[in-house]
Amino acid sequence: MFFSIMGFLKSSSLIKIQNILAKFPLTKPSQIHSHGRTKLRPNEVLKEYLKTNATAKALFLFRDLIRKSISSIDSFSLLYITKVCTRKSLPHEGRQFHTLVVKFGYEPIIFIQTSLVSYYSSVANLADARQVFDEMLTKNVVCWTVLISAYVDNQKPNSALKLFREMQMDNLEPDQITLTVTLSACADLGALDMGKWIHNYIRRSKKLDKDLSLYNALLNMYTKCGDIETAKILFVSIEKKDVKTWTSMITGYAIHGQATEALSLFRAMTQTKIIPNDVTFIGVLMACSHVAMVDDGKRYFKKMTEDYGLKPRISHFGCMVDLLCRAGLLQEAKDFILQMPVKPNAVLWRTLLGACGNSGGVDLAEDVRGRLFELEENWAGDDVIMGNIYGSSGIWDKKEITRNRINERRVPGCSWIEVGSEINEFVAGDCDHPFACKIYEKPKIE
DNA sequence: ATAGGGTTAG
């Protein structure tokens, strides 16, 4: 990785960068340097473009700076342009700007390093994010937090928790942002012990800035870990709630099949000034689907668009399909999928296929399997369901064909479970591997 | 002037 950057340096990094930027047409200088009425300096324009999400404009401007006034590029320009790349997850451009950072000697600046870690995380390049972090001579809370977020964002919550512990072993105190991020790793893992440990840490700490995001993260951790009682107590104790607070609690009840509680909480929410958003409705629809309240689900789905002007996304349609399937309305579910305004994905069809496995219907199942074959032909679970359907219908020849398909797969299917929290050694290598053990020590709760 | 914040179907 850094090898290649050094390689770029030797073979003139500027030419490489110009190549990357050459695909954008030239912008006249007058358009660049005057912004509004007053003339602004390039960095101020870049900052403005960043604020307004004008990615292309920012890249045009930066290219013109390289071509015409390279001396006006400083560490702030590079910081802003790196943030532009992060915001849009541009997979190639950020690396080129990293090259420039090296060339200009801005590598030791902690703000630059931190935003590079964040950039590599945004393009799912954890190896380079880690390398920039490892090469930092002085590390502070912010860069540790960015790296922890990187692992959370890229579905490596065990690694995130491991880093959280390493940070403390490095004698750095986490702040409220570190804790918010770490709590989401706990939520992803169902790591209730660690979550409680953090809750306790928050209670003890006097200097921590305990803002609403932190409490929302705590609430979310408790609901995702299944401790709905503590979640409820926490929810009540939060005086100033926002839409996320309400949504977390509603979704928490929904996940645990407590539809009545979820829906009455939604009604209570409508009595406040907090307006439900599309995510809130996912919680509401989940609640209906988990207890097969078909008519209520349909009503809320309508309410969402008609009363709140919210446009349903694929996940909302997914909730509806789930709702119809759980109620055994398989044909209606299929019709619903076919008339959706968005293209159905594999997950959606798979919901229906799973339902066919529960309540029969070989013809429908074969139809759905055919559609799934076009989307993700090698998903082992689909064949398992088909095999079971054939088996329960006594169609043994087709069952055998399906079983053989499964056995011929090169990559075995796998599942994983949480293995208690007493183990404080982690399995060598990737600790987010499905077969790795939990990696943190059992916290001592005072 | 400058870096960090998961409420989202199955």
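Every chain is numbered from 1, with letters handed out A, B, ... down the list of sequences.
Under the side chain to side chain contact (heavy atoms under 4.5 Å, CB included) rule, A:Arg204 has a single partner from A:Asn200, A:Ile202, A:Leu208, which is A:Asn200.
For the pair A:Lys139 and A:Phe133, the cation-pi test (distance below 6.0 Å, angle within 45°) is passed.
Checked for salt-bridge contact, A:Asp193 and A:Lys196 miss the test: no charged N lies under 4.0 Å from a carboxylate O. The pair A:Glu376-A:Arg350 meets the salt-bridge criterion, since a charged nitrogen lies less than 4.0 angstrom from a carboxylate oxygen. A salt bridge does not link A:Asp383 to A:Arg403: none of the charged side-chain nitrogens sits closer than 4.0 Å to a carboxylate oxygen. Ion pairing of A:Arg371 with A:Asp367 is present here, as a side-chain N (NZ or NE/NH1/NH2) and a carboxylate O approach within less than 4.0 Å.
Among the atoms of the strands shown, none is found under 4.0 Å from any heavy atom of A:Ile109. Base engagement by A:Val141 is indicated by at least one non-hydrogen atom pair under 4.0 Å involving a base atom. In this structure, A:Asp278 reaches neither bases nor backbone, as no heavy-atom distance under 4.0 Å exists between it and the strands shown. A:Asn345 comes within 4.0 angstrom of a base, heavy atoms only. Looking at heavy-atom distances under 4.0 Å, A:Leu116 makes no contact with the nucleic acid at all. Using a 4.0 Å heavy-atom cutoff across all strands shown, A:Ser213 reaches at least one base atom of the nucleic acid. Here A:Val142 lies in heavy-atom contact (under 4.0 Å) with a base. Counting non-hydrogen atoms under 4.0 angstrom, A:Val152 reaches a base of the nucleic acid. Residue contacts for A:Lys139: at a heavy-atom cut-off of 4.0 Å it reaches no nucleic acid atom on any strand shown. Contacts of A:Tyr80 with the nucleic acid, taken as non-hydrogen atoms under 4.0 Å apart, include base atoms. Counting any heavy atom pair closer than 4.0 Å across all strands shown, A:Thr178 reaches a base atom.
Closest contact between the side chain of A:Ser115 and the listed nucleotides B:dG4, B:dA3, B:dA1 involves B:dA3. Of the candidates B:dA9, B:dT7, B:dG5, the closest approach to any side-chain atom of A:Ile314 belongs to B:dA9. The nucleotide whose nearest atom lies closest to any side-chain atom of A:Thr180 is, among B:dG5, B:dA3, B:dT8, B:dG5. Here the side chain of A:Lys244 is nearest to one of B:dA9, B:dT7, B:dA1, namely B:dT7. Closest to the A:Thr114 side chain, of the nucleotides B:dA3, B:dA1, B:dG5, is B:dA3. Side-chain proximity of A:Asp175 to the nucleotides B:dA3, B:dG4, B:dT8 is greatest for B:dG4. Considering only the side chain of A:Ile177, B:dG4 comes nearest among B:dG4, B:dA9, B:dT8. The side chain of A:Phe111 lies closest to B:dA3 when the candidates are B:dA3, B:dA9, B:dG5. Nearest nucleotide to the A:Val146 side chain, out of B:dT8, B:dG4, B:dT7: B:dG4.
Taking atom CD of residue A:Gln176 and atom P of nucleotide B:dG5, one finds them 12 Å apart after rounding to whole Å. Here the P atom of nucleotide B:dA3 and the CG atom of A:Leu137 are 21 Å apart, to the nearest Å. The distance between atom CD of A:Glu44 and atom P of B:dT2, rounded to the nearest whole Å, is 12 Å. Rounding to whole angstrom units, NZ of residue A:Lys241 and P of B:dT7 are separated by 17 Å. Separating the CG atom of A:Leu78 from the C1' atom of B:dA3 is a distance of 14 Å, rounded to the nearest angstrom. Atom pair A:Leu183:CG and B:dG5:C1' shows a separation of 11 Å (rounding to whole Å applied). For A:Leu219 and B:dT7, the CG to C1' distance is 9 Å, given to the nearest whole Å. For the pair A:Lys311 NZ and B:dT8 P, the interatomic distance rounds to 21 Å; values are reported in whole Å.
Looking at A:Thr247, its side chain comes within 3.5 Å of the base of B:dT7 through a donor and an acceptor atom.
Taken to the nearest 0.5 Å, the CE atom of A:Met136 stands 11.0 Å off from the CD1 atom of A:Ile112.
The side chain of A:Lys83 contributes an N or O atom lying less than 4.0 Å from OP1 or OP2 of B:dG4. The phosphate of B:dG5 (OP1 or OP2) has no side-chain N or O of A:Lys210 nearer than 4.0 angstrom.
Residue side chain A:Phe317 fails the stacking definition with respect to B:dA9, as its ring centre and the base's six-membered ring centre are not both under 5.5 angstrom apart and under 30 degrees in plane angle.
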